[in-house]
Amino acid sequence: MKLTSLPSEFQKALPILRKIQEAGYQAYFVGGCVRDVLLNHPIHDVDIASSAYPQEIKELFERTVDVGIEHGTVLVLEGGQEYEITTFRTEEAYVDYRRPSQVHFVRSLEEDLKRRDFTINALALDSEGNLVDLFQGMEDLQTGVIRAVGLAAERFQEDALRIMRGFRFQASLDFELETETFAAMTVCAPLLEKIAIERIFIEFEKLLLTGAWTRGLASLLEAKAYLYLPGFDSEAQALFSFLEKMRDDFCFTSSAQAWAGLLYHFTNKQAAPILKAWKTSREFQKQVLQLLEILSKREAGLLSAWDCYLYQEELLYQAEDLRAALGLTTDHSYLEMSLAALPIRDKHEILVTGRTLMQEEGIQPGPRMGQVLKEVELAIVTGELLNEKAAILAFVKERLND
Ligand code: ATP
Ligand code: MG
């Protein structure tokens, strides 16, 4: 098959491919970008594979960065764009089921395509637009099938992360998992325990943020892969109920929202240790835990002014949207009104500060002052006290005299 017109992202990269070819090496567009072009999806990164060794690529281009030279990847900067050029390689021997112990650079495209995970990701395109399709990737793209390259069970044993990637691609493309591929994913699922959780998190996050996330998650559950994910093993019911209750067409706006939705159903209400076990960032943990707090407060009724003040507006809406997706009662207009009615959004807006109290009123700093300022903040937010200097000073003096 030959593409008659290449997308502009590829056109821009053509001089790079040609330069490599003129030097006597092969160069192809490979992987996700080829898949996405054939599907008419937007392309994020244009990845290039070449028979040239990293050192040879570096000699050809003026501006390069060693981003992963031990894996054969050199970043080339040209025309204001960045291109990852990776030497054809094989990854035969795997240690710990995790990472290839050694990457072997090879001069054959075929060898390089063979090591790729799924047929739809093992396509290459040359600078003339000719498609190299050694594993019927095009057919699988057309029929909407995720199929492992080669013997599925071997491929998942080599690198169990591919199991998560399989669910992820099923969700992002809304494809079907080919029977043997799915069977091998199920059999190999226990090997997920050997994979670095940060890598699993990335794939799982990508899965949750796709349009067909319910499909990917359903397969993950069907394959019993959840048994090998931290904190998920004892939560089968919660996972199924999450899947069942969430509106099918709901798209999460953030991965924190997706995780909060998930953990909200867990019977073990200890979300923090699970998020830690997944080695997520502190900021991420904070967002998920706050979303869960908001959800739990909303169960008891509408949020108070103080709650609206306490949490980021974005999180309040995300929690409300989750409720909507779960078919629970929602009140977006109440939330909007409460936020609009807040006298202040941040404590820096309070017209009297600790410094004012010390410098103008001669009040000694200390824990009591901190406490009184907290009371001022609460009183302003709840509308009991006006955010005016005189009123605040009177309030403070009264409290300090108590
Ligand atoms: P995305 O659009 O999400 O970036 P992608 O297909 O580009 O999808 P990447 O994770 O960026 O996925 O990987 C680029 C390519 O490298 C894949 O298309 C696939 O050919 C290959 N690849 C990546 N990870 C693996 C893996 N674990 N095993 C085998 N091949 C892989
Ligand atoms: Mg990619």
Side-chain angles (χ1 to χ4, degrees), residues 7 9-10 13 28-50 67-68 71-73 75 82-101 103-104 106 109-125 131-138 140-141 146-175 181 184-185 188 191-192 194-196 198-213 216 255:
E9 292 92 334
F10 281 14
Y28 293 87
F29 297 111
V30 275
C33 61
V34 178
R35 175 197 69 220
D36 290 339
V37 167
L38 294 170
L39 286 171
N40 252 324
H41 288 181
I43 307 167
H44 5 255
D45 326 290
V46 173
D47 291 326
I48 297 167
S50 172
V67 283
H71 305 114
T73 306
L75 193 72
E82 298 180 347
Y83 300 97
E84 281 196 353
I85 304 188
T86 305
T87 303
F88 295 157
R89 59 179 205 214
T90 58
E91 298 170 355
E92 275 147 44
Y94 278 67
V95 239
D96 299 347
Y97 303 95
R98 279 175 205 220
R99 281 172 192 280
S101 57
V103 164
H104 297 284
V106 291
L109 173 68
E110 182 176 352
E111 286 298 309
D112 183 83
L113 295 178
K114 256 197 221 162
R115 64 141 178 118
R116 293 176 184 268
D117 47 8
F118 301 106
T119 60
I120 56 165
N121 289 344
L123 295 160
L125 196 71
L131 190 70
V132 181
D133 178 9
L134 306 178
F135 309 100
Q136 295 174 359
M138 189 65 206
D140 287 339
L141 267 188
I146 311 283
R147 182 195 313 271
V149 171
L151 287 175
E154 264 175 26
R155 305 312 312 286
F156 296 125
Q157 262 163 40
E158 277 170 9
D159 180 4
L161 185 71
R162 291 173 188 151
I163 300 169
M164 290 303 289
R165 289 174 60 83
F167 300 130
R168 190 260 276 197
F169 286 115
Q170 173 181 33
S172 66
L173 302 171
D174 200 0
F175 275 20
T181 300
M185 286 163 86
C188 297
L191 296 175
L192 280 170
K194 303 191 182 275
I195 301 292
E198 297 91 328
R199 297 176 74 210
I200 295 185
F201 178 82
I202 293 171
E203 296 298 335
F204 190 49
E205 177 174 58
K206 286 186 176 174
L207 184 164
L208 291 171
L209 293 176
T210 62
W213 65 272
S255 80

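Counting convention: from 1, in listed order, for ligands and their atoms alike.
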Do Arg155 and ligand 1 have an N or O pair less than 3.5 Å apart?
no

In the structure I gave you, are the side-chain heavy atoms of Phe175 and Leu141 within less than 4.5 Å of one another anywhere?
yes

Quick one: does ligand 1 sit under 4.0 Å from the side chain of Leu161, the backbone, both or neither, non-hydrogen atoms only?
neither

Under a 4.0 angstrom heavy-atom cut-off, which atoms of ligand 1 come close to Gly31?
18 (O)

Is there a polar contact, in the sense of an N or O pair closer than 3.5 Å, between Asp47 and ligand 1?
no

Taking 4.0 angstrom as the limit and counting only heavy atoms of Arg115, give me the atoms of ligand 1 inside it, by number and element.
29 (C), 30 (N)

Exactly one candidate in Arg35, Arg147, Met138, Gln136 meets side-chain contact (heavy atoms from CB on, under 4.5 Å) with Thr119; the answer is Arg147

With a 4.0 Å heavy-atom cut-off (strictly under), which part of His41 contacts ligand 1: side chain, backbone, both or neither?
neither

Side chain or backbone, does Arg35 bring an N or O within less than 3.5 Å of an N or O on ligand 1?
yes

With a 4.5 Å cut-off on side-chain heavy atoms, are Leu134 and Lys114 touching?
no

Keeping Ser172 on the side-chain end and Thr210 on the backbone end, is there a donor-acceptor pair under 3.5 Å?
no

Decide whether the shortest distance between a heavy atom of Arg165 and an atom of ligand 1 is less than 4.0 Å.
yes

With the threshold set at under 4.0 angstrom, would you say Phe118 reaches ligand 1 through any of its heavy atoms?
no

Side chains of Thr86 and Asp112: does their closest heavy-atom pair fall under 4.5 Å?
no

Test your reading of the structure: does Arg168 have an N or O sitting under 3.5 Å from an N or O of ligand 1?
yes

Is the shortest N/O to N/O distance between Arg162 and ligand 1 below 3.5 Å?
yes

With a 4.0 Å cut-off on N to O distance, would you call Glu203 and Lys206 a salt bridge?
no

With backbone taken as N, CA, C and O and side chain as the heavy atoms from C-beta onward, which portion of Phe156 lies under 4.0 Å from ligand 1: side chain, backbone, both, or neither?
neither

Return a yes/no value for Gly32: is any of its N or O atoms, backbone included, closer than 3.5 angstrom to an N or O of ligand 1?
yes

Going by heavy atoms in the side chains, are Ile163 and Ile195 under 4.5 Å from each other?
no

Can you say whether the rings of Phe169 and Phe118 are parallel (under 30°), tilted (30 to 60°) or perpendicular (over 60°)?
perpendicular

Hey, does the side chain of Asp159 reach the backbone of Leu161 with a donor-acceptor pair shorter than 3.5 angstrom?
yes

